[in-house]
S.K.: 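Below you will find the structure I want to go over with you.
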Amino acid sequence: MNFRKPKGTKDILPKDIHKWHYVESVIREVTALFNFSEVRTPTFEYTELFNRGVGSETDIVGKEMYTFLDKSGDSITLRPEGTAPVMRAFLENSMLSDSPLHKLYYFTNMFRYERPQAGRYREHTQFGGEILGSDSFYTDVELILLAKEVYNRCGISNFKVKINSIGKPDERSAYIAKLKDYLKDNLNDLSEDSKRRFETNALRILDSKNPGDRSITDSAPKILDHLGAESKARFDKVINELTKLSVNIEVDFRLVRGLDYYTDTTFEFVSEDLGSQDALGGGGRYDGLIAQLGGKSCPGVGFGSGIERILIVAEKNGFTFGEAAKPLVYFISLNDAARDKAFELIAQLRRKNIPCETDLLNRSFKAQMRDANKLGVKYVYILGEDEIKKGIGQLKNMSDSSQTEVEFNKLAESLA
RNA sequence: GUGAGCGUAGUUCAGUUGGUUAGAACAUCAGAUUGUGGCUCUGAGGGUCGGGGGUUCGAAUCCCCUCGCUCACCCCA
């Protein structure tokens, strides 16, 4: 065993691929129901896009990006997240001049250099949605409903939506000042990580998992009490609407999220069936991002959701993802002439969309039967010396073992 | 980047206080008299015991180093 896959990557093998197909088809179905259009952007972008769009102080940009110089010396980065590339495409293609509102989704792989653990990979897959052009609170709600519908159709109902508002930038910086003022007195009792965060990003101290940090922040000032009237009213509308629609929400003052571009609403879908990385997906508003990337001011909201994590939770729930595709008929040939005829008949059936298989290893009758049984085909069509002579094959039903003679040219209709 | 746990056939695991050719189950393949699957029975193939070094007459077993995997921190999907 000389070659190994790179750390944090995975092979998706044939026995599991139907699960991926299933989830992907659910996503295509649900996004169509919500009238979202797919956008596909390059696997890599110029590094500067993420520095500017995601924020150079974030962990994603600061230490998790796959960045390299290409042969011309340009700095290239494998996309670590979905929103910045979509915004870039949105601006570069002047989409706003086609229409004042865009509802976009993506389904693609992401790359982050991290230590792998349960539900966390260096290459993972996300689907995400973005609504651009409207600051209506209904857009926040619509995205949450979109994700919820996808989860539900994948057999996942045991999750909750943590939700919070981090307000407008000026409200947030005023709040951070108050928070730091409160934490100043407890600075020595905070964890090392949080002491560092106190300088770099004090808001992040709120979502520390350290029990000591949490007991200190339990009684810290809450951002929801420091929002302006407009932000507060907006947040209340989102909460009311979600409650009215029976979404299982939980207001969580600790939910600040790690990306710099968020404003107002932030949310996260969490499941107890995941390990320590308990988020199925997350997102929020980013009303300032487009302007920050050089466009004219345009409101936006988006979320991303991990496909691998959907799969983990769905499987823990015993969800079956439908059935793996399998052939309807297995052709068994007992000599070379039969084999030749089988190939001809198979070609005809496949043209009529009937999935067929046959033995390609020149195996014995018994071995071919075993193979057919293992594949789980419904029928076996047996061709031997007599059958070739008469133009009639033996069609055997594998579930009840009944067997009837079917002429070569009647085979397609008896399988229909 | 930090910490902990674990590495024996394809898979899940046994392997006695260090002692001969390292085992089982499942999986794979092949047989069980004429051209018929599942169940059963029989047999076969498959292992640098993660790798390297050391201790010893002798190491899967003890020691050191190293690599890999897993989980957790960090962070996030």
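Below, chains carry the letters A, B, ... as their sequence lines are ordered, and counting in each starts from 1.
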S.K.: May I ask you to say what A:L280 touches in the nucleic acid, namely base, sugar-phosphate or nothing, with a heavy-atom cut-off under 4.0 Å?
M.R.: sugar-phosphate
S.K.: Any base atoms under 4.0 Å from A:K63, or only sugar-phosphate, or nothing? Heavy atoms, all strands.
M.R.: sugar-phosphate
S.K.: Do A:R120 side-chain and B:rC75 base share a donor-acceptor contact under 3.5 Å?
M.R.: yes
S.K.: Measuring from the side chain of A:R363 (C-beta onward, heavy atoms only), which nucleotide among B:rC76, B:rA30, B:rU36 has the closest atom?
M.R.: B:rA30
S.K.: Within the pair A:R257 and B:rA77, is there a side-chain N or O less than 4.0 Å away from OP1 or OP2?
M.R.: yes
S.K.: Nearest to the side chain of A:Q394 - B:rC74, B:rG35, B:rA77?
M.R.: B:rG35
S.K.: Hey, which sits more toward the 5' end of RNA chain B by its nearest nucleotide, A:I307 or A:L334?
M.R.: A:L334
S.K.: Which base sits across from B:rU70 as a Watson-Crick or G-U pair, both distances under 3.5 Å?
M.R.: B:rA4
S.K.: So what does A:R197 hit on the nucleic acid, given a heavy-atom distance under 4.0 Å: a base, only sugar-phosphate, or nothing?
M.R.: sugar-phosphate
S.K.: Rounded to the Å, how far apart are A:R370 CZ and B:rU36 P?
M.R.: 12 Å
S.K.: For B:rC26, which nucleotide in any strand shown is its Watson-Crick or wobble partner with both distances under 3.5 Å?
M.R.: B:rG10
S.K.: At under 4.0 Å between heavy atoms, what does A:G119 touch on the DNA or RNA strands: base, sugar-phosphate, or nothing?
M.R.: base
S.K.: Using a 4.0 Å heavy-atom cut-off across all strands, classify A:E123 as base, sugar-phosphate, or nothing.
M.R.: nothing
S.K.: Side chain of A:R204, heavy atoms from C-beta onward: which of B:rA77, B:rA72, B:rC75 has the nearest atom to it?
M.R.: B:rC75
S.K.: Could you tell me whether A:E81 contacts a base, only the sugar-phosphate backbone, or nothing, with contacts defined as non-hydrogen atoms closer than 4.0 Å?
M.R.: nothing
S.K.: For B:rU11 and B:rG47, measure between their C1' atoms and round to the nearest Å.
M.R.: 14 Å
S.K.: Measure CZ/A:R115 against C1'/B:rC69 and give the value in whole Å, please.
M.R.: 11 Å
S.K.: Identify whether any heavy atom of A:F269 sits under 4.0 Å from a base atom; if not, whether one sits that close to sugar-phosphate; answer base, sugar-phosphate or nothing.
M.R.: nothing
S.K.: Rounded to whole angstrom, note down the P distance from B:rA22 over to B:rC49.
M.R.: 10 Å
S.K.: Between B:rG38, B:rC74, B:rU28, which nucleotide gets closest to the side-chain atoms of A:K374?
M.R.: B:rU28
S.K.: Does A:K366 have a side-chain nitrogen or oxygen under 4.0 Å from the phosphate oxygens OP1 or OP2 of B:rG35?
M.R.: no
S.K.: For B:rG45, which nucleotide is its Watson-Crick or G-U wobble mate, given both distances must be under 3.5 Å?
M.R.: none
S.K.: Is the NZ or CZ atom of A:R122 both under 6.0 Å from the centre of the six-membered ring of A:Y113 and within 45° of that ring's axis?
M.R.: yes
S.K.: Paired with B:rA60 by Watson-Crick or G-U wobble geometry, both distances under 3.5 Å: which nucleotide is it?
M.R.: none
S.K.: At under 4.0 Å, does any side-chain N or O of A:Q277 touch on OP1 or OP2 of B:rC73?
M.R.: yes
S.K.: Please report the distance, rounded to the nearest Å, between CE in A:M398 and C1' in B:rC39.
M.R.: 14 Å
S.K.: Given the C1' atoms of B:rU61 and B:rU55, what is the spacing between them in whole Å?
M.R.: 13 Å
S.K.: Any base atoms under 4.0 Å from A:R112, or only sugar-phosphate, or nothing? Heavy atoms, all strands.
M.R.: base
S.K.: Just checking A:K209: base, sugar-phosphate only, or nothing, at a heavy-atom cut-off of under 4.0 Å?
M.R.: base
S.K.: Hey, is the side chain of A:Q117 pairing donor to acceptor with the base of B:rC74 inside 3.5 Å?
M.R.: yes
S.K.: How many whole angstroms separate atom CZ of A:R254 from atom C1' of B:rC75?
M.R.: 17 Å
S.K.: At 4.0 Å (heavy atoms only), tell me whether A:E385 reaches a base, stays on the sugar-phosphate, or touches nothing.
M.R.: base
S.K.: Rounded to whole angstrom, note down the C1' distance from B:rC6 over to B:rA60.
M.R.: 15 Å
S.K.: Parallel, tilted or perpendicular: which one describes the rings of A:Y175 and A:H226, with boundaries at 30° and 60°?
M.R.: tilted
S.K.: Would you mind reading off the distance between A:D252 atom CG and B:rC76 atom C1', rounded to a whole angstrom?
M.R.: 15 Å
S.K.: From the set B:rU36, B:rC73, B:rG31, return the single nucleotide nearest to any side-chain atom of A:F365.
M.R.: B:rU36
S.K.: Within the structure shown, what part of the strands sits under 4.0 Å from A:D371 by heavy-atom distance: base, sugar-phosphate, or nothing?
M.R.: nothing
S.K.: Closer to the 5' end of RNA chain B via nearest nucleotide, is it A:A118 or A:T125?
M.R.: A:A118
S.K.: Between B:rC29 atom P and A:D359 atom CG, what is the distance in whole Å?
M.R.: 11 Å
